[in-house]
Amino acid sequence: MVADYGCQARLLAGGTDLIVNMRCGRDRPSVVVDTKRVAELNQIKLSRTRLVVGASVSCRRIWEQPEITQRFPALIDSVTLIGGIPIQSRASVGGNLCNAAPSGDAIPSLIALRATAQICGPNDLREVPVEDFCSGAGENTLAKDEFLVSLTIPQPAQNSSTSFLRFTPRNEMDIAVVNAAANVTLSETKTTFLSARLAVGSVAPVPLFVEEAGKSLIGKSVCTANVVAAAEIAVAHARPIDDMRGTFSQRKQLTKVLTIRTLLKAIKRAGGTIDDV
Amino acid sequence: MARNHVTTTINGDPVEFLCDTEQTLLDVLRDELHLTGSKEGCASGDCGACSVTMDGRLVCACLVLAVETQGAEVETIEGMADGDRLHPLQQKFLDHAALQCGVCTPGFLVAAKSLLERNPDPTESEVRYWLAGNLCRCTGYDKIVRAVLDTAAEMRE
């Protein structure tokens with residue numbers, strides 16, 4: 001149907017963007033396809049090695065599963081912060097990604113968690129890492145006749161954990177001024193970084209995967225100085241704008257504070273300690 | 001285009017209706033089924049005045065297309081009282097004067113009921129977070145939160 005109707009068709013997952021846009025006349029699709037009726041797009045598959053989340057699965061169905069909280073905490077940090085409860089009951093992580101807002105609260109966590117997107121076209125299925133999915137503010141790399149089927153997150157390594165934080169002026173129900181997610185894997189003694197991934201949102205047209213910041217930690221000892229040095233790399237990559245939610249300099253400063261804090265939170269969750277804090 | 005024929009369950013009763021694809025559940029509840037307890041505040045999912053539950057999960061009726069309720073179980077504010085007997089939450093809202101103009105009240109009641117079904121012993125902070133999707137411009141929230149906590153305490157007895 002997507003191929004037949006092309007840009008006239010819209011896929012409905014949670015509807016928290018589409019229905020609002022239809023109502024105010026910004027979007028006038030001739031066909032609406034409810035993807036929640038497609039089994040593959042509406043399933044959660046949790047195995048020992050990975051988590052597969054169908055593109056239409058709501059935030060709430062994710063946080064209702066305690067095992068996901070335990071194994072993929074950054075994802076839970078995100079889906080419990082997106083809107084209030086009625087929005088979480090409907091809004092999907094897949095929709096958050098496809099909507100490709102620079103501030104999308106699920107996207108940094110997906111990047112940190114090494115998620116990949118499974119995409120279906122008229123003839124084949126392809127897969128891209130989530131960090132390559134968004135192409136601009138509100139734009140993604142899906143072709144007109146393609147749609148997102150699912151997101152696959154590999155089981156994090158031993159002695160690792162993940163975390164997501166965002167800054168908003170209010171406690172709840174707001175759009176991130178800056179958000180950031182971290183994934184750290186520590187050595188058995190939890191004193192050295194084996195690997196790390198860092199992603200920052202709302203500081204560029206797309207959520208940023210700051211690969212260099214994570215790489216800078218490999219083999220380094222788990223201490224504040226190294227965490228701060230990694231955060232400085234994220235700050236150097238951030239290229240935010242001034243807008244109603246925050247200024248360039250505020251966002252630069254927030255990038256530093258949030259990346260430090262989210263790294264520390266991930267380290268703590270992985271069982272690591274930082275003595276000099 | 002032909003209208004859609006939808007078969008659903010509302011407050012335990014089987015219901016059939018015809019709707020256009022772009023009509024929301026809120027449009028159908030209010031305009032076709034004359035269940036006007038759910039209010040339209042913002043029509044964009046920000047205010048929670050149209051809160052209902054669909055298959056046990058709290059949603060904004062303005063952000064659900066009516067056709068999506070095919071085969072679903074919908075609960076609205078009209079299903080809350082048992083005939084003339086108010087639900088304990090409704091009674092506590094009156095006792096605590098947890099409403100002034102009343103437009104947000106049906107949404108708060110439906111949302112609070114879904115909280116207490118999931119968590120019969122919520123903390124104040126849990127109540128405030130659960131109800132963060134419901135806006136009230138009159139009460140300042142304090143009386144609402146107290147009414148919910150008081151109901152929870154009474155229902156646990």
Side-chain angles (χ1 to χ4, degrees), chain A residues 1 5 8-38 42 56-66 77 79-92 95-96 99 168 170-175, chain B residues 1 4 6 19-27 38 40-72 107-108 110-115 117-119 122 125-135 141:
Chain A
M1 283 188 83
Y5 287 93
Q8 307 271 284
R10 288 290 177 278
L11 300 184
L12 170 68
T16 54
D17 290 300
L18 178 64
I19 295 175
V20 176
N21 287 338
M22 280 167 60
R23 187 149 192 111
C24 69
R26 260 199 302 265
D27 204 344
R28 298 180 191 278
S30 60
V31 175
V32 175
V33 184
D34 184 356
T35 59
K36 295 184 293 302
R37 304 271 172 180
V38 183
N42 206 28
S56 327
V57 170
S58 68
C59 290
R60 177 158 177 180
R61 282 182 55 207
I62 294 172
W63 61 246
E64 279 178 345
Q65 294 208 21
D77 292 339
V79 297
T80 51
L81 270 177
I82 292 175
I85 304 295
I87 299 298
Q88 290 165 18
S89 297
R90 293 270 296 167
S92 64
N96 193 252
N99 208 39
T168 61
R170 305 192 292 176
N171 288 336
E172 262 269 12
M173 309 283 287
D174 209 346
I175 296 172
Chain B
M1 192 189 249
N4 305 284
V6 176
C19 69
D20 297 324
T21 302
E22 61 268 27
Q23 269 185 302
T24 64
L25 172 58
L26 182 61
D27 293 333
S38 307
E40 181 174 280
C42 64
S44 57
D46 292 298
C47 78
C50 65
S51 298
V52 300
T53 62
M54 189 166 143
D55 293 330
R57 293 191 177 97
L58 186 65
V59 298
C60 295
C62 73
L63 288 187
V64 176
L65 292 181
V67 288
E68 290 183 78
T69 63
Q70 173 65 38
F108 268 102
V110 169
K113 182 167 174 256
S114 82
L115 166 65
E117 280 165 3
R118 188 182 160 83
N119 179 1
S125 167
E126 284 168 340
V127 172
R128 287 184 183 274
Y129 270 94
W130 191 273
L131 299 179
N134 295 78
L135 301 184
Y141 301 103

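Proteins get letters first, then strands, A, B, ... in listed order; numbering begins at 1 in each. Just so it is clear, the values below take in all heavy atoms, side chains as well, and ignore hydrogens, waters and symmetry mates.
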Original post:
So, the side chain of B:R57 versus the backbone of A:R61: is there a donor-acceptor pair under 3.5 Å, distance only?
Top reply: no

Subject >> Top contributor to chain B interface from A:M22, A:M173, A:Q88 [non-hydrogen pairs under 4.5 Å] >> reply: A:M173

Subject >> Contacts of residues 80-87 of chain A with chain B (heavy atom under 4.5 Å) >> reply: A:I85, A:P86, A:I87

**OP:** Examine whether an atom of B:D27 lies under 4.5 Å from a heavy atom of chain A, and if so say whether it belongs to the side chain, the backbone or both; otherwise answer neither.
**Re:** side chain

**OP:** Report the C-alpha distance between B:V67 and A:D34 in whole Å, list the side-chain angles of each, state the deciding distance to 0.1 Å, and finish with yes or no for side-chain contact (heavy atoms from CB on, under 4.5 Å).
**Re:** CA-CA 9 Å; B:V67 288; A:D34 184 356; over 6 Å; no

**OP:** Check for a donor-acceptor pair, side chain of A:N21 on one end and backbone N or O of A:R26 on the other, with a separation under 3.5 Å.
**Re:** no

Original post:
Which is it for B:V52 and B:L26 under the side-chain contact (heavy atoms from CB on, under 4.5 Å) test, yes or no, and what are the steps along the way?
Top reply: CA-CA 9 Å; B:V52 300; B:L26 182 61; over 6 Å; no

Original post:
Taking the side chain from B:T69 and the backbone from B:A72, do they hold a donor-acceptor pair closer than 3.5 Å?
Top reply: no

Original post:
Considering only heavy atoms, which portion of B:V64 lies under 4.5 Å from any heavy atom of chain A: side chain, backbone, both, or neither?
Top reply: both

Original post:
Tell me, side chain or backbone of B:Q70 under 4.5 Å from chain A's heavy atoms, or both, or neither?
Top reply: both

Original post:
Quick one: are B:E68 and B:L25 in side-chain contact, heavy atoms under 4.5 Å?
Top reply: no

**OP:** Just give me the residue among A:R37, A:R90, A:R23, A:E64 that pairs up with chain B most often, heavy atom to heavy atom, under 4.5 Å.
**Re:** A:R90

Subject >> Any A:L12 side-chain heavy atom under 4.5 Å of A:I19 side chain >> reply: yes

Original post:
Does any heavy atom of chain B fall under 4.5 Å from the side chain of A:L18, the backbone, both, or neither of them?
Top reply: neither

**OP:** Compare all side-chain heavy atoms of B:L115 with those of B:L131 and state whether any distance is below 4.5 angstrom.
**Re:** no

Original post:
For B:D46, is it the side chain, the backbone, both or neither that has a heavy atom under 4.5 Å from a heavy atom of chain A?
Top reply: backbone

**OP:** Just do the side-chain contact (heavy atoms from CB on, under 4.5 Å) check on B:R118 and B:L58 with the steps written out, would you?
**Re:** CA-CA 11 Å; B:R118 188 182 160 83; B:L58 186 65; over 6 Å; no

